[in-house]
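Since the structure comes first, as structure tokens, the remarks are kept for the end.
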Amino acid sequence: MGMQRTLVSILILHFALANVSVAAAENVLGQAAVPHMPESVRTSVSRIIILPTDGLSSESVKGTYDRKTDGVLGGMAKGAGMGTIPVEVGPVPIGIPIPILRELGMIAGAIAGGTDRKLQEFRDSLTEDLRDAVDQPLTNDALANDVYWGLRRVGELQPKLFAVTTPIPEDTEALLYVAITDLSINVQKNEAIISTTALARLERFRDGSTLYRSEITYQDRDTLSNWTKNNAILWREYRNFARHYIGREISSALFERIDVSHDIAPDKSASIKANKKNIWQGKTKTRTPTLVWSSDLNDPAIDPANITWDIEIYDRQRPIYSASRIRGTSHTPNVPLESCGDLYWTVRPTYTVDGKSKVGRWMRQSPDGGVSNGNVGRSISTSHAYVQDFALLQVSCR
């Protein structure tokens, strides 16, 4: 019974190849941005095929559990088989996963193990969503599509997005495998932490050698009561931001981003009343506020005069405004902002380095002197992990 109570208190929903522990889930809290791919690799390939799979040849769902008292993990291990079709490739039997069905199987199996009412209500909501959502964002195809459009912005690249069954052209230089490899729920007392992890692996086509490999994780947390409110609306918002962050992080880490010593922060604006104690918070009565930021570049190799800026504004659920290639350090939206209440805004620099455009990081306030990359949440009902450290702008609804 002691073992079963322990398994009940720590639930991990777990699919694809990863073996995730509670310690691993908690270690995500210390993760910042993944390091970008070395320039030597960036310049060695340009004709890239993006494939929505992790590219491994022997996928399986593995795990052990107490057969006498299945508990939560035992139910998961049994349920995982619901979404896997056994086939044979040559003499080696492998499992071909059906993404949504396998997730449903693991959740349904976990329910069979039994926990408290709130946790079961939460799993029921996730199960219903994964079963019924036609436009489910947490799929390999959706993620690969986001990465493709991100890489299209890189001028020297020639990316193409293929299905896994499409023959690869002989002039291809590299294959980029993109896949969601883990979805976990870590429940501790009345709090649930949801983590989504994806794999990006760039492989040289001619010899199959791995040029770059990285795992990207997005995580948010809140009480079970908040997760289950309003038909689990926070879960549906979470999955959209998880895909948004992971897709962007993959394309940025691979070919777009460089690390530059550059301090960026909101600055005074005539149309925004800033919080006297915190310049990152402000109020405005206009739907077309002028957003102003400071730029302190500490890199003599980059000419500040050539920097352009991207700007984005979010409400609680989604981006509501964006603009690109802005000159100078201020911007007034060219259309009135439709949303009122709390909005979140940020900017990102684009540099010219050796004649090529490279981006920096989105402007964020680092909490408590730490590093923030928008991938580890503190309270999703307050603000989503991705936007929680952007500049806050309260827009009057009158």
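Cation-pi contact between Arg364 and Tyr386: present, with separation from the ring centre below 6.0 Å and deviation from the ring axis of at most 45°.
Checking side-chain atoms of Ser269 against main-chain N and O of Thr290 turns up a donor-acceptor pair under 3.5 Å. At distances below 3.5 Å, at least one donor-acceptor pair connects side-chain atoms of Ser294 with backbone N or O atoms of Ala265. With Asn373 contributing its side chain and Asn375 its backbone, the two residues share no donor-acceptor pair below 3.5 Å. Remark: the backbone N or O of Trp280 is paired with a side-chain donor or acceptor of Asn278 at under 3.5 angstrom. Without hydrogens or angle criteria, Thr166 side chain to Phe162 main chain gives no donor-acceptor distance under 3.5 Å. The closest donor-acceptor contact from the side chain of Asn140 to the backbone of Ile180 lies under 3.5 Å. Listed for the Ser209 side chain is no donor-acceptor partner under 3.5 Å among the backbone atoms of Arg204. Under a 3.5 Å cut-off, the side chain of Gln394 and the backbone N or O of Gly341 do not form any donor-acceptor pair. Listed for the Trp345 side chain is no donor-acceptor partner under 3.5 Å among the backbone atoms of Leu291.
Residues Ser251 and Glu256 have side chains that bring a donor and an acceptor to within less than 3.5 angstrom of each other. Side-chain contact check for Arg152 and Tyr148: at least one donor-acceptor pair (N or O, by modelled atom type) lies under 3.5 Å. Side-chain contact of Thr308 with Arg325: a donor-acceptor pair under 3.5 Å is absent, judged by distance alone. Side-chain N/O atoms of His331 and Tyr321 include a donor and acceptor closer than 3.5 Å. Judged purely by distance below 3.5 Å, without hydrogens or angles, the side chains of Thr139 and Asp141 never pair a donor atom with an acceptor atom. Inspection of the Ser383 and Gln388 side chains reveals no N or O donor paired with an N or O acceptor under 3.5 Å. Side chains of Ser381 and Asp222: a donor on one and an acceptor on the other come within 3.5 Å. Ser225 and Thr223 form no side-chain donor-acceptor contact under 3.5 Å, judged by distance and modelled atom types alone. Side-chain atoms of Thr217 and Thr197 form a donor-acceptor pair, as typed in the model, at a separation below 3.5 Å.
By the 4.0 Å N-to-carboxylate-O rule, Arg378 lies close enough to Asp389 to be salt-bridged with it. Using a cut-off of 4.0 Å between Lys/Arg side-chain N and Asp/Glu carboxylate O, Asp146 and Arg243 are scored as salt-bridged. Using a 4.0 Å cut-off between a side-chain N of Lys or Arg and a carboxylate O of Asp or Glu, Lys358 and Glu156 qualify as a salt bridge.
Taking a 6.0 Å sphere around CG of Asp296, one finds it holds more than 12 heavy atoms contributed by other residues, nucleotides or ligands.
Nearest heavy-atom pair, Trp293 versus Met363, reported as atom, atom and distance to 0.1 Å: CB-SD, 4.4 Å. In terms of heavy-atom proximity, Thr172 sits nearest to Phe205 at O-CD2, 3.3 Å. What you find for Arg287 and Cys340 is that their closest heavy atoms are NH2-CB, 4.0 Å. Closest approach of Trp309 and Gly328 over heavy atoms only: CD1-O, 3.2 Å. The minimum heavy-atom distance linking Val178 with Ile250 is given by the pair CG1-CD1, 4.0 Å. The two atoms that bring Pro266 and Ala391 nearest to each other are CG-CB, 3.7 Å, heavy atoms only.
Taking CG of Leu138 as the start and CG of Asn240 as the end, the distance is 8.0 Å to the nearest 0.5 Å. The CD atom of Glu249 sits 10.0 Å away from the CG atom of Leu254 when rounded to the nearest 0.5 Å.
By the 30° and 60° cut-offs, the orientation of the rings of His384 relative to Phe241 is parallel.
A ring-centre distance under 6.0 Å is found for His262 and Tyr351. Taking the six-membered ring for Trp and the full ring otherwise, Tyr344 and Tyr314 have centroids separated by 6.0 Å or more.
Under the 4.5 Å side-chain criterion, counting only non-hydrogen atoms from C-beta, Leu211 is not in contact with Arg42.
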- prompt: Could you walk me through whether Glu312 and Arg318 pass the salt bridge (charged side-chain N to carboxylate O under 4.0 Å, His left out) check?
  reply: CA-CA 10 Å; Glu312 292 188 341; Arg318 59 193 175 277; over 6 Å; no
